[in-house]
Amino acid sequence: MPIVVYNTRTGSKAPLEPIEPGHIKMYVCGITAYDYCHIGHARSALVFDMIVRYLRYRGYRVTFVRNFTDIDDKIIKRAQEQNTTCEELSERFIRLFHEDMARLGVAPPTLEPKATEHVGEIIALIESLIARGLAYQVGNDVYYKVERFAGYGALSGRSLDDMQAGARVSVNENKAHPMDFALWKGSKPGEPTWESPWGPGRPGWHIECSAMSRKYLGDTFDIHGGGKDLVFPHHENEIAQSEGASGRPFVKVWIHHGFVTIKDEKMSKSLGNFLTIREVLEKYSAEVLRLFVFSTHYRNPLDYSESAMNDAAAGLDRLYAALAEISQLPEEGKNGATSAINAKDREKLTALEARFQQAMDNDFNTAQAMAHFFEAVKTMNKVRQALPAAPAEGDLALLRESAATLRQLAAILGLLTEEPATYMAAKKSALLAGLAITEAEIESLIAARNQARKEKDFARADAIRDELLMKQIEIKDSPTGTTWSVKAF
RNA sequence: GGCGGCGUAGCCAAGUGGUAAGGCAGUGGUCUGCAAAACCAUUAUUCAGCGGUUCAAAUCCGCUCGCCGCCUCCA
C-alpha cells in the first residue's frame with residue numbers, strides 16, 4: 001500500500017510516487033533568523049521531522065533540505081535596533097534555533113543552506129528570468145513579471161484579477177503590475193550589499209528558495225513544505241520563478257500544515273499572543289509537546305492551552321506507566337504453560353504495527369496512529385493483570401515484544417524515547433524535589449503503616465495514609481508490597 | 001470585497017458513502033481492610049441548522065448560521 005498525501009496544489013490526496021524510485025527529495029521553508037522561535041515554528045519542525053522519520057521507516061531514502069533566511073527586511077531592521085550586524089543577529093538566532101531543535105529532539109536535515117551563501121546562484125537565476133522575459137529591471141531593483149507566467153495563482157487558487165480587487169495590494173510606482181514582486185532589491189545606505197549586474201543590492205525573499213532548492217534537489221523534486229501562510233505569496237512566487245526559469249514542473253507535492261492558535265486565534269507578534277519554544281519547554285517536556293502536536297492532524301489548526309498540555313502530559317504518563325510495568329515483569333516464564341491471552345487481545349497486540357502504518361499512510365494521520373498506541377496499551381494492561389502467578393513464557397514474550405514495537409513506532413513521532421522505568425523514576429524525583437518530604441521519610445511512614453495494617457490497626461494505617469496524602473504522596477498496595485507516587489497538583 | 005478551511009459527547013479529537021476510534025474529565029463495578037493504580041462497563045439513536053441525491057450520509061450536493069485563515073511580514 002502506498003503512502004497517500006494531500007497536495008495543496010490539487011486539493012486532494014494522491015499516492016506518493018517519488019521521481020527517483022525509493023528516494024524522496026524534500027524542501028521545507030525554514031525560519032527567518034531574527035527572533036526566538038515560537039511554538040508555531042515548533043509545530044512546523046515537528047511535523048516535517050515526523051514526515052521524514054516516517055518516510056525513512058517506510059524504507060525511503062530522504063534528502064531533506066531546510067533553509068535559513070538570513071537576509072531580509074526584518075533582519076536589517078532588528079539588527080539596526082540592536083546595534084549589531086545582520087550577520088551577527090542571524091547567526092545568533094540560528095544558533096538558538098538549533099538549541100531549540102535539539103531540545104525538541106528534531107533530527108537535523110540533510111542540508112541547511114543559507115540565503116547569503118547562495119547569492120551567486122540567485123543572481124544567475126534572476127539573469128535567466130530576465131533573459132526569458134519574465135523579469136525586468138527598474139533602477140537597481142529587479143521585478144518578476146507575473147502576467148507573463150501563465151500558471152500564476154494555480155497553487156493558491158486565485159487569479160490576478162481577484163487579487164487586484166483586494167484593497168491590500170501595495171502600490172509601487174516602479175512595478176508594471178501591482179502583483180509583481182522583487183527578485184533583487186537595490187540596497188540603501190548601511191544595508192548589507194552584494195554586487196550584481198543591477199548594481200549593489202540584495203536578494204528578494206522568494207528567490208532564495210528557488211535558487212537553493214534547484215541547487216540541491218534539481219529542477220523538479222518531490223515535496224515542498226511549509227506553513228499554510230506560505231502558500232501565498234511565497235510558494236506561489238517560488239513556482240513562478242522556478243518553472244519560469246527551468247521550463248519544467250517545480251514540485252510534485254505541496255504539503256502545508258495548519259497554525260498553532262491560542263484561544264482560536266493565530267499566534268502573531270502583532271497580537272502579542274505567541275509563546276516561544278523555550279517558554280513552553282520550561283513547563284512541559286518535549287515529548288508532552290510532541291504528543292500535543294500530534295494529537296490533531298497536521299493540516300488542522302492546533303489550539304494551545306494549559307489544559308490541552310496537561311491532558312497530553314497525562315496521556316504520556318499513561319503510556320510510560322504501562323511500559324514500565326511490563327519492564328518489571330519476571331525475566332522467565334513457565335515453559336509449556338497455557339497462554340492466558342485470548343485470541344482477540346493477541347490479535348490487537350500483533351496488529352499494532354499494521355494499524356499504525358495504515359493510519360500514517362493516510363496523509364500522516366498521527367492522531368489516529370496515537371489512538372492505536374492507547375488501544376495497545378489498554379490491551380497490554382489488561383493482559384498483564386490477567387497473568388497468573390507463573391505466567392507462560394510465550395505470554396511474557398508477547399508483552400515484551402508488544403512493548404518494544406510500541407516504543408519503536410512511537411519513536412517515529414519522537415515519543416517514548418526514554419527508558420520507561422527511568423522516566424517514571426525521574427518523574428517521581430522531579431515531583432518529589434518540590435515537596436516538603438524526603439524519600440526516606442516516606443519509606444519510614446509506609447513501613448509504620450504496614451506494621452499497623454499487620455496489626456489490623458486500620459485507623460492508624462489510614463491516618464498515616466492521609467498524612468502522606470496531605471504531602472501529595474499517594475500509596476498503592478499490591479501483593480508484592482506498597483509503592484508510592486507523587487500526586488500532581 | 002476575493003479565495004480557502006472548520007463546526008463530531010463536559011473538553012480535545014479521528015472517521016470523508018455502509019451504520020460514531022482514541023485521549024482527558026465523570027459515573028457504576030472488579031480488586032482492596034478501606035483506598036490508589038489498573039481493568040471492565042457506562043457517557044453523542046447522533047455528527048451546527050435546513051433541504052436534496054442515494055438502498056444507505058457525519059461523510060456527496062445546495063442554502064443558512066457561527067468561527068477561523070490567506071489576500072501585507074509570518075510556521
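Small disclaimer: the values here were computed from a predicted structure and weren't measured.
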N365(A) and Y298(A): side chain donor to acceptor below 3.5 Å: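 Not at all, the side chains of N365(A) and Y298(A) share no donor-acceptor pair under 3.5 Å.
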
Cation-pi geometry met for K13(A) and Y6(A) (6.0 Å, 45°):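 No.
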
Cation-pi, F232(A) ring and R158(A) (6.0 angstrom, 45 degrees):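 That pair qualifies as a cation-pi contact.
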
Checking contacts here: which listed nucleotide ([options]) is nearest the side-chain heavy atoms of [X]?
{"X": "E265(A)", "options": "rC39(B), rA75(B), rG69(B)", "answer": "rG69(B)"}
{"X": "Q385(A)", "options": "rA75(B), rG22(B), rA38(B)", "answer": "rA38(B)"}
{"X": "H257(A)", "options": "rC70(B), rA75(B), rA36(B)", "answer": "rA75(B)"}

Give one of base, sugar-phosphate or nothing for [X], where a contact means two heavy atoms less than 4.0 Å apart.
{"X": "H372(A)", "value": "nothing"}
{"X": "V260(A)", "value": "base"}
{"X": "R158(A)", "value": "base"}
{"X": "K382(A)", "value": "sugar-phosphate"}
{"X": "F259(A)", "value": "base"}
{"X": "L469(A)", "value": "nothing"}
{"X": "G40(A)", "value": "base"}

Verdict with reasoning, M309(A) to L289(A), per side-chain contact (heavy atoms from CB on, under 4.5 Å): CA-CA 7 Å; M309(A) 290 298 282; L289(A) 181 61; 4.0 Å; yes

Residue pairs fulfilling salt bridge (Lys or Arg N to Asp or Glu O under 4.0 Å) with at least one residue in residues 283-312 of chain A, sequence neighbours excluded: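 For residues 283-312 of chain A: D49(A)-R290(A), K283(A)-E306(A), R299(A)-D363(A).
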
Sort me out a list of protein N/O and nucleotides 32-34 of chain B N/O pairs below 3.5 Å, or just none if empty.
from, atom 1, to, atom 2, distance (Å)
rG33(B), O6, R449(A), NH2, 3.1
rG33(B), O6, R453(A), NE, 3.3
rG33(B), N1, D462(A), OD1, 2.8
rG33(B), N2, D462(A), OD1, 3.1
rG33(B), N2, D462(A), OD2, 2.6
rC34(B), O2, R465(A), NH1, 2.8
rC34(B), O2, R465(A), NH2, 2.3
rC34(B), N3, R465(A), NH1, 2.3
rC34(B), N4, D477(A), OD2, 2.9

Atom [atom1] of [X] and atom [atom2] of [N]: how far apart are they, to the nearest Å?
{"X": "E474(A)", "N": "rA36(B)", "atom1": "CD", "atom2": "C1'", "answer": "5 Å"}
{"X": "I446(A)", "N": "rA36(B)", "atom1": "CD1", "atom2": "P", "answer": "16 Å"}
{"X": "R78(A)", "N": "rC73(B)", "atom1": "CZ", "atom2": "C1'", "answer": "12 Å"}
{"X": "I39(A)", "N": "rA75(B)", "atom1": "CD1", "atom2": "P", "answer": "14 Å"}
{"X": "E375(A)", "N": "rG23(B)", "atom1": "CD", "atom2": "P", "answer": "7 Å"}

Stepwise ring-ring contact (aromatic ring centres under 6.0 Å, His included) test for Y423(A) and Y320(A): CA-CA 7 Å; Y423(A) 175 91; Y320(A) 268 118; 3.6 Å; yes

Heavy-atom neighbours of F458(A) CZ exceed 12 at 6.0 Å: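 Correct, the count exceeds 12.
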
Greater than 12 external heavy atoms within 6.0 Å of Q358(A)'s CD: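 Open.
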
rC70(B) OP1/OP2 closer than 4.0 Å to side-chain N/O of K266(A):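 Yes, within the criterion.
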
Just the table, please: protein N/O against nucleotides 7-16 of chain B N/O, every pair under 3.5 Å.
from, atom 1, to, atom 2, distance (Å)
rA13(B), O3', T296(A), OG1, 3.3
rA14(B), OP1, T296(A), OG1, 3.0
rA14(B), OP1, H297(A), N, 2.9
rA14(B), OP1, N300(A), OD1, 3.1
rA14(B), O3', N365(A), ND2, 2.8
rA14(B), O2', Q368(A), NE2, 3.2
rG15(B), OP1, N365(A), ND2, 2.6

